[in-house]
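First comes the structure, then the notes that go with it.
In this text, all values refer to a predicted model and were calculated from it rather than measured experimentally.
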Amino acid sequence: MKQVYVGGYGPGIFTLGGGLTRVASPSFLAAHPTLPVLYAAGELQRGWLTAFQAGGSLSLLDERPSEGDSPCHVAVDPTGSVLAAANYGDGTAVIYRLDSRGAFEGDPIVLRHKGSGPNKDRQEGPHAHQAVFHDGILHVSDLGTDEIRRYRYDGTVLEPIPIHPGTGPRHFGFIGSRLYVAGELNGTVTLIDGERRTVAPASREEGENYPSHLQIEGDLVYVANRGPNTISVLRAADLSPVAEVSSGGHWPRHFAIDGTTMYVAGQQSDVITVFELKDGVPQPSGQAYEVERPACVLIM
């Protein structure tokens, strides 16, 4: 039976319908692809990465520093041999090898970065936001420098993918070679397909929008919109709008999809709202969970 875990800025990691595992500021969670191991990014000035043995309750397996300030994302490659984390505070990314138990192994590879962007309040320096493994390459979105940084697993630096200045790339995803990027600072979604670039508003609502999580399911792109407090559904082919619905809470920071069920984390309303997907469009299920300051939902 699958478990739904919620990380955030409350007292620890919540298991929906279950208990609480106390750990400091676990703002993002990730699962090992083959082992019952959960990883948490401890978003502190001196950041930490914690591995837990999962199976209903969580038990500590291992812990290492994130080698940077305020880690906000952690991911494991599809082989389960490499973990990466993005430190928002100083833009540092880090790579760890994992052993056969899913514990950290050896010394980390620390990936520091320099640069800035046109938004003087938010882009004074690098701000790594998400780590994504794709086609054997580690991709790291940098909100501060408007690019998707690229590395080999040994830390070799590859040519980055530039994003339009002032976009503030946050979360992103791939369909084959096509790249989809949520722009936190300009409220857009960018589709990069070779030399072709398509930019569309993440929300059709009026007012300021700070898109957070982006996820691709089939031929649809889902985006959480902070400000209008909605979930947008776009066609992956051309970013044309399919639907936009209320997120069921305030400041939807993240969501997770399990088949036809969607869980949305309303960070500023202390709620996880559950939706059913009907033809890909989220419909309220009437089910919700009270969780203090949720920031990430993980189903495993």
Side-chain angles (χ1 to χ4, degrees), residues 1-43 47-63 66 71-78 80 82-86 88 96 98 102-103 129-133 170-173 212-217 222 224 231 247-249 251-267 270-275 277 282 287-300:
M1 181 177 178
K2 291 183 178 179
Q3 297 281 355
V4 180
Y5 299 98
V6 180
Y9 299 101
I13 301 171
F14 293 87
T15 304
L16 291 192
L20 167 68
T21 302
R22 293 192 176 274
V23 60
S25 199
S27 67
F28 204 87
L29 310 175
H32 192 284
T34 60
L35 299 172
V37 178
L38 177 152
Y39 301 91
E43 193 170 333
W48 286 92
L49 303 172
T50 307
F52 294 94
Q53 195 75 35
S57 61
L58 301 176
S59 58
L60 181 64
L61 174 65
D62 199 1
E63 191 170 42
S66 72
C72 63
H73 192 270
V74 61
V76 183
D77 89 304
V82 180
L83 174 144
Y88 180 83
Y96 275 103
L98 300 175
H129 224 308
Q130 188 182 26
V132 172
F133 292 99
R170 186 183 169 98
H171 283 197
F172 61 102
S212 54
H213 186 52
L214 177 150
Q215 185 167 323
I216 303 161
E217 293 289 325
Y222 296 86
I231 302 294
S247 67
W251 215 247
R253 186 181 177 94
H254 189 256
F255 59 83
I257 296 173
D258 181 33
T260 59
T261 305
M262 172 185 280
Y263 299 83
V264 181
Q267 181 184 341
D270 297 335
V271 67
I272 301 293
T273 307
V274 184
F275 295 84
L277 300 180
Q287 189 176 14
Y289 298 87
E290 291 186 10
V291 176
E292 185 177 346
R293 300 178 70 193
C296 176
V297 183
L298 175 66
I299 304 166
M300 64 179 293

Considering non-hydrogen atoms only, spot the tightest contact between [X] and [Y] and give its length.
X: P294; Y: V271; answer: CG-O, 3.7 Å
X: I231; Y: P282; answer: CG2-CG, 4.3 Å
X: S27; Y: C296; answer: O-CB, 3.4 Å
X: V74; Y: L29; answer: CG1-C, 4.2 Å
X: P11; Y: L20; answer: CG-CD2, 3.9 Å
X: L214; Y: G173; answer: CD2-N, 3.9 Å

In Å, rounded to the nearest 0.5 Å, how long is the span from [atom1] of [X] to [atom2] of [Y]?
X: Y96; Y: L83; atom1: OH; atom2: CG; result: 9.0 Å
X: S25; Y: R293; atom1: OG; atom2: CZ; result: 7.5 Å
X: Y39; Y: D62; atom1: OH; atom2: CG; result: 9.0 Å
X: F28; Y: C72; atom1: CZ; atom2: SG; result: 9.0 Å
X: M262; Y: E217; atom1: CE; atom2: CD; result: 8.0 Å
X: L298; Y: I13; atom1: CG; atom2: CD1; result: 9.0 Å

Using a 4.5 Å cut-off on heavy atoms from C-beta on, say whether the side chain of [Y] contacts that of [X].
X: D270; Y: E290; result: no
X: R170; Y: S212; result: yes
X: T21; Y: Y5; result: no
X: Y289; Y: V4; result: no
X: P33; Y: V76; result: yes
X: Y263; Y: L16; result: yes

Between the side chain of [X] and the main-chain N/O of [Y], is any donor-acceptor distance below 3.5 Å?
X: D77; Y: V82; result: yes
X: H254; Y: V297; result: yes
X: Q3; Y: T15; result: no
X: H32; Y: G80; result: yes

Quiz item: Would Y9 and Q267 count as having a side-chain donor-acceptor pair, cut-off 3.5 Å?
Solution: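 On atom types as modelled, these side chains do not qualify, holding no pair under 3.5 Å.
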